[in-house]
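What follows is a set of notes on a single structure, which appears directly below.
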Amino acid sequence: MNAKARAVTVLLTPFFALFTVVMVVPVGYAVWLSLFTEQQSGLGFGGTHTVFSGLGNYAAALGDHAFRDGFLVLLGYCALYLPLLLAGALTLALLLDSALARARRFFQLALFLPHAVPGVIAALIWVYLYTPQLSPVVAAMESGGLGFDFLSPSGALPSVVNIALWEWLGYNMVIFYAALQAVDRSVIEAATVDGAGAWRIATGVKIPLIRSSLVMVALFTVIGSLQLFTEPLILNQGAGSAVTSSWTPNMYAYTAAFARNDYGLAAASSVLLALAAALLSFAVTRLSDRPSRTDRSSRTDRSSRTGRSSRPGRRMPDASRPPLAHPKGRP
């Protein structure tokens, strides 16, 4: 083993050791725990004993309508939250990156500050603002003739989405703004010289150039949405809240483990949720890897202008250029 290989091994060993301890071992233990269940002997007076159930816990979780309904809630949450987050964060980042923006640092910090508030504290603040008898917001809406119950069955999902937007909009805005700052200014100046307006530059130049950042934020947001837990758990404590103890799959696993002491069912539901997150992440990644129609047309146009085919092969000679002289003057 040479010195370079030894250095790589030394640098990567702590990472893989930590990854094994905090990721591989817990996941493996959860899979093992999901294959067993607790049974009581006799009439319940003989204590409990652990028995091997195979895929029984998985069948029980998939057969429970509360667990399946939790995925429907997540589907509605993603359908409402993801477009609002991407559009809002991207719009704010484009506004801060525009030439008309003033006090960029101040607004960047002001928009990022809600993310610095812990999720539990943020949820408690919003529960106070959602409670009818306590909230000044609800009182102001009722005085204006706008009655809306934020904790009702129709208002619970938008209420959770609102909390998540308040927490994560500024964080993702900073990511988009950093990506926009890395865009080559000469490209924007060339588009301006060609007569493109601000809207055309934003939609036709800036957004395509930060496509990788958009995909990354979308992927992380989808994975984070499947882990929705803190906000609905706090809203579940509100008076008259429609958020139940099994409103999301994470809450279902939490209730199974700590309310019913059914750790096998909780582990099985957690493994199923992890598989759903992996499959969804794979689907988002594959869709993002596909080249867009604009990218394909631009590559074809560049190939036609340079006299090269779109497939790798032998380069066509350029007759407009004289042959290069040999460094030593020989032909």
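Quick note: residue numbers are just sequence positions, from 1.
- Asn57 is not listed as a side-chain neighbour of Leu35, based on a closest heavy-atom distance of 4.5 Å or more.
- Tyr177 and Leu109 fall into different hydrophobic clusters, where Ile, Leu, Val, Met, Phe, Trp and Tyr are joined by side-chain heavy atoms under 4.5 Å apart, directly or via other members.
- To the nearest 0.5 Å, the span separating CD1 on Ile210 from CG on Leu94 amounts to 6.5 Å.
- Atom CG of residue Asp149 and atom OG of residue Ser241 lie 9.0 Å apart, to the nearest 0.5 angstrom.
- Judged by distance alone, the side chain of Asp194 and the main-chain N or O of Ala196 form no donor-acceptor pair under 3.5 Å.
- The shortest side-chain heavy-atom distance between Pro132 and Phe148 does not fall under the 4.5 Å cut-off.
- Atom CD1 of Ile175 is separated from atom CE of Met216 by 4.5 Å, given to the nearest 0.5 angstrom.
- Side-chain contact of Asn250 with Thr248: a donor-acceptor pair under 3.5 Å is absent, judged by distance alone.
- The aromatic rings of Phe112 and His115 are tilted relative to each other, their planes meeting at an angle between 30° and 60°.
- Looking only at side-chain heavy atoms (C-beta outward), Tyr77 and Leu157 come within less than 4.5 Å of each other.
- A donor-acceptor distance shorter than 3.5 angstrom exists from the side chain of Thr255 to the backbone of Ser245, with no hydrogens or angles considered.
- The heavy-atom pair separating Val205 from Ala191 by the smallest distance is CG2-CB, 4.0 Å.
- Here the closest heavy-atom approach between residue Pro232 and residue Val243 is recorded as O-CG1, 3.3 Å.
- Pro158 approaches Ser154 most closely through the heavy-atom pair CD-O, 3.5 Å.
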Listing, residues 58-75 side-chain donor-acceptor contacts under 3.5 Å, not counting sequence neighbours, or none:
| unit_1 | atom_1 | unit_2 | atom_2 | d |
| --- | --- | --- | --- | --- |
| Tyr58 | OH | Ser34 | OG | 2.6 |
| Asp64 | OD1 | Ala66 | N | 3.1 |
| Asp64 | OD2 | Tyr252 | OH | 2.8 |
| Arg68 | NH1 | Leu62 | O | 2.8 |
| Arg68 | NH1 | Gly63 | O | 3.2 |

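- The minimum heavy-atom distance linking Ala266 with Ala253 is given by the pair CB-O, 3.4 Å.
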Apply side-chain contact (heavy atoms from CB on, under 4.5 Å) to the pair Trp168 and Leu85, showing each step before the final yes or no. CA-CA 8 Å; Trp168 291 97; Leu85 178 71; 4.3 Å; yes

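- Of all non-hydrogen atoms in Leu265 and Ala256, the two that sit nearest each other are CD2-CB, 4.2 Å.
- Looking at Arg185 and Ile188, their side chains come closer than 4.5 Å, going by heavy atoms from C-beta outward.
- For Leu273 against Pro249, the heavy-atom pair with the smallest separation is CD1-CB, 4.0 Å.
- Residue Tyr171 places its OH atom among 12 or fewer non-hydrogen atoms of other residues, nucleotides or ligands, all under 6.0 Å distant.
- At a threshold of 4.5 Å between side-chain heavy atoms, the hydrophobic network of Ile, Leu, Val, Met, Phe, Trp and Tyr places Val271 and Phe52 in one connected group.
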Intermediate values then yes/no, side-chain contact (heavy atoms from CB on, under 4.5 Å), Val174 and Gln108: CA-CA 7 Å; Val174 171; Gln108 185 178 355; 4.0 Å; yes

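- When hydrophobic residues (I, L, V, M, F, W, Y) are linked wherever their side-chain heavy atoms come within less than 4.5 Å, the members clustered with Tyr29 are Leu33, Tyr263.
- Taking the side chain as every heavy atom from C-beta outward, Ile234 and Ile163 never approach each other to under 4.5 Å.
- Annotation: Arg260, atom CZ; neighbour count of heavy atoms from other residues, nucleotides and ligands within 6.0 Å is above 12.
- Leu111 and Phe106 fall within a single hydrophobic cluster, where Ile, Leu, Val, Met, Phe, Trp and Tyr are joined by side-chain heavy atoms under 4.5 Å apart, directly or via other members.
- Of the inter-residue distances, the one linking Leu151 atom CG with Thr131 atom OG1 reads 6.0 Å to the nearest 0.5 angstrom.
- The CD1 atom of Ile201 lies 10.0 Å from the CD atom of Glu189; values are rounded to the nearest 0.5 Å.
- Residues Phe176 and Asp97 are not in side-chain contact: their nearest non-hydrogen atoms beyond the backbone lie 4.5 Å or more apart.
- Residues Leu235 and Leu134 share a single hydrophobic cluster, defined by chaining ILVMFWY side chains whose heavy atoms lie under 4.5 Å apart.
- No continuous path of hydrophobic side-chain contacts links Val222 to Leu279 [ILVMFWY only; heavy atoms under 4.5 Å].
- The shortest side-chain heavy-atom distance between Thr37 and Thr50 does not fall under the 4.5 Å cut-off.
- Using a 4.5 Å heavy-atom cutoff, the side chains of Leu228 and Tyr81 are not in contact.
- The backbone N or O of Phe150 sits less than 3.5 Å from a side-chain atom of Ser159, completing a donor-acceptor pair.
- One N or O on the side chain of Ser135 and one on the backbone of Val138 form a donor-acceptor pair closer than 3.5 Å.
- Thr13 OG1 to Leu18 CG: the interatomic distance, rounded to the nearest 0.5 Å, is 12.5 Å.
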